[in-house]
Amino acid sequence: EQLRTEETIRRALENERELNELRSRFTSIVSHEFRTPLGIIMSAVELLRNYFGRLDDGQRQELFDDIHGATRRMAALMEQVLVLGRADAGKLSFTPGPVELEALCTKLTDESQSATVKRCPVALETEGDLSGASGDEPLLRHIFSNLLSNAAKYSPAGSVVKFRISRDGGDAVFEVHDQGIGIPEADHPRIFEAFQRAGNVGETPGSGLGLLITKRCVELHGGEISFRSDPGEGTAFTVRLPVFAQ
Ligand code: ADP
């Protein structure tokens, strides 16, 4: 009886510790991810307000671009928090329908190129017949736009990101392979947790929510996600989705 009570207390303490850790990661990331873009917006607006007449067209454009970029960054974080909230409340529904995988992935590749201002060229490669798939397009969008934007974000500008789609029986197998900073081994076990970022991200902006959202969307499809990565070797995420009727 006493052993059982001890075990219950130990588990409650462990849960409490995890919750506290999550709360402190949440506070630090959300405040940083709001404070930084707000600071950028404030200083750009002040420069425009006080020195508008003295700035040339190029300088004004640069400040407007800063405001635009910072606003997008805040909007993206809000969107991620909302999507995750919906997923946690069980309200992120899985509504499969016919999907043209090759066309969708081409579109998402183009979109991620323009969102990252063509930071890294993406080499899309397909193998086998990918027609006749059934999936949930909005969820697929979350999956691949997150993986593609991470690949570009954590890689040196100009390095190639390979996006490969192939068919394996009833599954579609997607691989997003970059030549970026990699994920240090110590961070591997917790990389899909909320607000969790690796130790080597430096000043690269991010919330630590994208991969968790990606994983939830993969699971809603009944699929699997895995990765391999070594610092200096780049990172390859593999997503396997059972989208073809067998
Ligand atoms: P973030 O908004 O921080 O990018 P994610 O949940 O998408 O959040 O990713 C979690 C963490 O995983 C990132 O902060 C980063 O440390 C690491 N990561 C994800 N994708 C890559 C990648 N392609 N290359 C290197 N590190 C990555």
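Small disclaimer: the values here were computed from a predicted structure and weren't measured.
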What I'd like to find out is whether the side chain of [X] reaches to under 4.5 Å of the side chain of [Y], using heavy atoms alone.
X: Thr235; Y: Asn150; result: no
X: Val173; Y: Arg167; result: no
X: Asp171; Y: Phe244; result: no
X: Cys120; Y: Ser155; result: yes
X: Leu139; Y: Val218; result: no
X: Ile67; Y: Ile40; result: no
X: Ile165; Y: Glu125; result: no

>> Between Ile213 and Gln80, does the side chain to side chain contact (heavy atoms under 4.5 Å, CB included) criterion hold? Intermediate values first, please.
In response: CA-CA 8 Å; Ile213 293 172; Gln80 284 190 320; 3.9 Å; yes
> Going hydrophobic residue to hydrophobic residue with side-chain gaps under 4.5 angstrom, can you get from Ile181 over to Val122?
Replying inline: no
> With sequence neighbours left out, what residues match His68 under ring-ring contact (aromatic ring centres under 6.0 Å, His included)?
Replying inline: none
> Can you name the residues that form a ring-ring contact (aromatic ring centres under 6.0 Å, His included) with His221, not counting sequence neighbours?
Replying inline: Phe94
What I want to find out is whether [X] reaches [Y] closely enough, with some N-O distance under 4.0 Å, to be called a salt bridge.
X: Arg190; Y: Glu193; value: yes
X: Lys162; Y: Glu175; value: no
X: Lys215; Y: Glu219; value: yes

>> Looking only at the side chains, is there a donor atom on one of Ser159 and Gln179 sitting less than 3.5 Å from an acceptor on the other?
In response: no
>> I'd like to check the salt bridge (Lys or Arg N to Asp or Glu O under 4.0 Å) partners of Arg54; sequence neighbours left out, ordered by chain and number.
In response: none
> In chain order, what residues pass the salt bridge (Lys or Arg N to Asp or Glu O under 4.0 Å) check against Arg216, with sequence neighbours excluded?
Replying inline: Asp88
Exam field: side chain [X] to backbone [Y], donor-acceptor pair closer than 3.5 Å:
X: Asp136; Y: Thr95; value: yes
X: Asp178; Y: Ala152; value: no
X: Arg60; Y: Leu55; value: yes

>> Just to verify, what does Ala76 make a side-chain contact (heavy atoms from CB on, under 4.5 Å) with, not counting sequence neighbours?
In response: none
>> One pair to check against side chain to side chain donor-acceptor pair (under 3.5 Å): Asn20 and Arg17. What are the steps and the verdict?
In response: CA-CA 5 Å; Asn20 275 336; Arg17 196 186 57 74; over 6 Å; no
>> Using the side-chain hydrogen bond (donor to acceptor under 3.5 Å, both in side chains) criterion, which residues pair with Arg86? Sequence neighbours excluded.
In response: none
>> Please enumerate all residues that pass side-chain hydrogen bond (donor to acceptor under 3.5 Å, both in side chains) together with Glu46, with sequence neighbours excluded.
In response: none
>> Just checking Gln113: does its CD atom have more than 12 heavy atoms from other residues, nucleotides or ligands closer to it than 6.0 angstrom?
In response: yes
>> So for atom CD, which belongs to Glu224, do other residues, nucleotides or ligands contribute more than 12 heavy atoms lying within a distance under 6.0 Å?
In response: no
Residue pairs, two or more places apart or on separate chains, that pass ring pair (Phe, Tyr, Trp, His ring centres under 6.0 Å) and touch [range]:
range: residues 102-134; value: none
range: residues 129-184; value: Phe144-Phe163, Phe144-Phe174
range: residues 13-63; value: Phe26-Phe195

> Which pairs, with at least one residue in residues 62-73 and sequence neighbours excluded, count as a salt bridge (charged side-chain N to carboxylate O under 4.0 Å, His left out)?
Replying inline: Glu33-Arg73
> In the hydrophobic clustering that connects Ile, Leu, Val, Met, Phe, Trp and Tyr at side-chain heavy-atom distances below 4.5 Å, which members other than Leu19 occupy its cluster, ordered by chain and number?
Replying inline: none
